[in-house]
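Here is the structure we will look at, set down as structure tokens.
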Protein chains: 2
Amino acid sequence: MTAETAENAETAADRPRKRQARGERRIAQLLEAAGKVFAESGYAATTTNAIAARAGVSPGSLYQYFPNKDAIAAALAEFYADSLDTLLAPFAVVDPAAVTLEEALGSSLGPLVAFHRENPACLVLFVGGHTPGHVMDLQAPLMARTHARIQALLALYAPELPPARLEWGAAVTLAAYKGVLPLVVEADEEQVPELTRELRDLLLGYFERLLRP
Amino acid sequence: MTAETAENAETAADRPRKRQARGERRIAQLLEAAGKVFAESGYAATTTNAIAARAGVSPGSLYQYFPNKDAIAAALAEFYADSLDTLLAPFAVVDPAAVTLEEALGSSLGPLVAFHRENPACLVLFVGGHTPGHVMDLQAPLMARTHARIQALLALYAPELPPARLEWGAAVTLAAYKGVLPLVVEADEEQVPELTRELRDLLLGYFERLLRP
DNA sequence: AGAGATTACGAGTGATTGCTCGCATTCGTC
DNA sequence: GACGAATGCGAGCAATCACTCGTAATCTCT
């Protein structure tokens, strides 16, 4: 997933391994296949052999690139976490004087929804509760960062809100968002814009209630 | 879980079996243990031997009362579905002239939250995505009924809302509710009232936005 | 072309786990 | 107390699955 030039690639993990272009392609194939199978069957029910078969590769080849099943999920999760971090970045530079919350949410939610529809395994690994091992190491920081972003956004539009309320408000917002995403991901293509608007309204409605009682 | 008198109990499934009081007790023990282990480890990672051990019973005894692992989860799920149906019943008899939405939600959400905190496995089986086999047969109808209840409630308070909006509104409400529940279930006891209020505000805020755009 | 490394294969292995079976114990009833 | 039925046990079976290994094909570089 990371395109590394021959010169600078010296991470401790893959130092002794010289990888050919074919190998990089196989890794991409395997991760794509893994995403599909995880999305269909969930983490626990997916077998490594199924991933290999889906990628058109033997089980032995799979284990040439990944030490174990966990590592496959972790590699996927890392890609997802990076992507989401990028997609969530716009929230960090919102100017409350120039842009309303409605506008900010309206423009940023679309790409997020699109990403999750293209990568349904992301929800399986991140919001589906029991994902073991190294995936949590990616999920927890991502969630913490997202929480912080929401909290900062809220503070921006409601400076006088008490910190405790801000804290819980961000947590509830994130939880509700994670709850509705599966609905949007599994819906028909044609209903996505409508559902995205409803998701925006859900968050906006909550924000309004947070800001003025 | 269902207390059946000796006279009327003639379901096709357990007809030929005469069960002693000891057996009923064992079933209750097993289901309680199953609830704990499912809540801790998720469905897939739970072993039948772990359930038996937790109940202080041998694996063989477990299989005297349940034909397979699925049946244990299904029995638990049936109990949960029945309980939730009862807890959700108040929504069917709300009078919009006498009670505001805020009051209706405020009084009904508390018991629901309490139930889920006492039975964390309920969320594992119902909202945690990949639960196999017979559990879905209980989950799908329950969700459909809940969806219908929310939709009816919305229609009561907003008679002029177009049906399509009503449909999606109920779906989004249910999804958001399911998303926030885990947060409330895992929170410390002392923060439950505050979080329940936030959950109520989330739904109310969305309803307000639905009702007058 | 030839050497050395990487890639690819797929049958096989060891560990896990859902589940069974034969037998011992306890209960309900007379 | 005695008999049949229900309960209880736990070692073990069979199937699944993550993972390995010996070997062969293919690439890179000279």
Side-chain angles (χ1 to χ4, degrees), chain A residues 4-7 9 13-31 33-34 37-38 40-76 130-135, chain B residues 4 6 9 13-31 33-34 37-38 40-76 130-135:
Chain A
E4 43 188 15
T5 61
E7 309 304 327
D14 50 7
R15 203 187 3 166
R17 166 145 279 123
K18 278 193 213 161
R19 193 148 280 154
Q20 303 180 348
R22 194 174 23 149
E24 300 284 355
R25 244 178 290 136
R26 278 277 184 262
I27 291 181
Q29 282 176 34
L30 284 165
L31 286 180
V37 185
F38 281 145
E40 285 165 11
S41 318
Y43 177 83
T46 31
T47 70
T48 55
N49 288 15
I51 295 175
R54 188 64 156 268
V57 154
S58 81
S61 294
L62 185 153
Y63 280 93
Q64 183 156 21
Y65 300 104
F66 299 99
N68 51 49
K69 181 179 169 182
D70 237 40
I72 305 173
L76 256 188
H130 283 275
T131 16
H134 235 64
V135 173
Chain B
E4 44 188 14
D14 51 8
R15 197 171 20 149
R17 164 147 278 123
K18 276 193 215 162
R19 192 149 280 151
Q20 305 180 348
R22 192 173 24 146
E24 301 283 354
R25 243 179 290 135
R26 277 277 183 261
I27 290 181
Q29 280 177 35
L30 285 165
L31 286 181
V37 185
F38 280 145
E40 285 165 11
S41 318
Y43 177 83
T46 313
T47 71
T48 55
N49 287 15
I51 296 175
R54 187 64 156 270
V57 153
S58 81
S61 295
L62 184 153
Y63 281 93
Q64 183 156 20
Y65 299 104
F66 298 99
N68 50 50
K69 182 180 169 183
D70 237 40
I72 305 173
L76 257 188
H130 282 274
T131 17
H134 235 64
V135 172

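This is a predicted model, so every value here is computed, not measured. In what follows, chains carry the letters A, B, and so on, assigned in the order in which the sequence lines appear, proteins first and then strands, with residues in each chain numbered from 1.
- Between A:G60 and B:A50, the residue whose closest nucleotide on DNA chain C is further toward the 5' end is A:G60.
- The phosphate of C:dA8 (OP1 or OP2) has a side-chain N or O of A:Y65 nearer than 4.0 angstrom.
- Atom CD1 in A:I51 sits about 11 Å away from atom P in D:dC19, given to the nearest Å.
- Atom pair B:F66:CZ and C:dT20:C1' shows a separation of 18 Å (rounding to whole Å applied).
- Using a 4.5 Å cut-off on side-chain heavy atoms (C-beta onward), A:E40 and A:R54 make contact.
- Between B:Y63 and the phosphate of C:dC19, there is a side-chain N or O to OP1/OP2 separation shorter than 4.0 Å.
- Between B:S61 and D:dT7 there is no side-chain polar atom (N or O) within less than 4.0 angstrom of OP1 or OP2.
- In this structure, the CG atom of B:N68 is 8 Å from the P atom of C:dT20, given to the nearest Å.
- Taking every heavy atom of both residues into account, A:G133 and A:D70 meet most closely at CA-OD2, 3.4 Å.
- Spacing between atom NZ of B:K69 and atom P of D:dA15 amounts to 19 Å, rounded to whole angstrom units.
- Rounded to a whole Å, the OH atom of B:Y43 is 10 Å from the C1' atom of C:dG18.
- Nucleic acid contact for A:N49: base, since at least one base atom lies under 4.0 Å from a heavy atom of the residue.
- Distance CG/B:L30 to CG/B:L62: 5.0 Å, rounded to 0.5 Å.
- Taking atom CG on A:L62 and atom P on D:dA18, their separation rounds to 10 Å, with Å as the unit.
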Grab the N/O contacts between the protein and nucleotides 27-30 of chain C below 3.5 Å, and write none if there aren't any.
unit_1: C:dC27; atom_1: O4'; unit_2: B:R22; atom_2: NH2; d: 3.4

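- Remark: P of D:dA6 and CD of B:E24 are 13 Å apart, rounded to the nearest angstrom.
- As a whole-Å value, the separation of B:Q64 CD from C:dA24 P is 17 Å.
- Among the protein residues, B:G23 comes within range of the sugar-phosphate backbone only, with heavy atoms under 4.0 Å from sugar or phosphate atoms but none that close to a base.
- Judged by distance alone, the side chain of B:T46 and the main-chain N or O of B:G42 form a donor-acceptor pair under 3.5 Å.
- Across every non-hydrogen atom of B:A74 and B:H134, the tightest pair is CB-CB, 4.0 Å.
- With A:Y63 as the aromatic partner, A:K69 does not meet the cation-pi criteria of under 6.0 angstrom to the ring centre and within 45 degrees of the ring axis.
- For A:S58, the listed nucleotide lying nearest its side chain is C:dG10; candidates were C:dC19, C:dG10, D:dG8.
- Closest to the B:T47 side chain, of the nucleotides D:dA18, C:dA8, C:dG18, is C:dG18.
- In terms of heavy-atom proximity, B:Y65 sits nearest to B:G23 at OH-CA, 3.4 Å.
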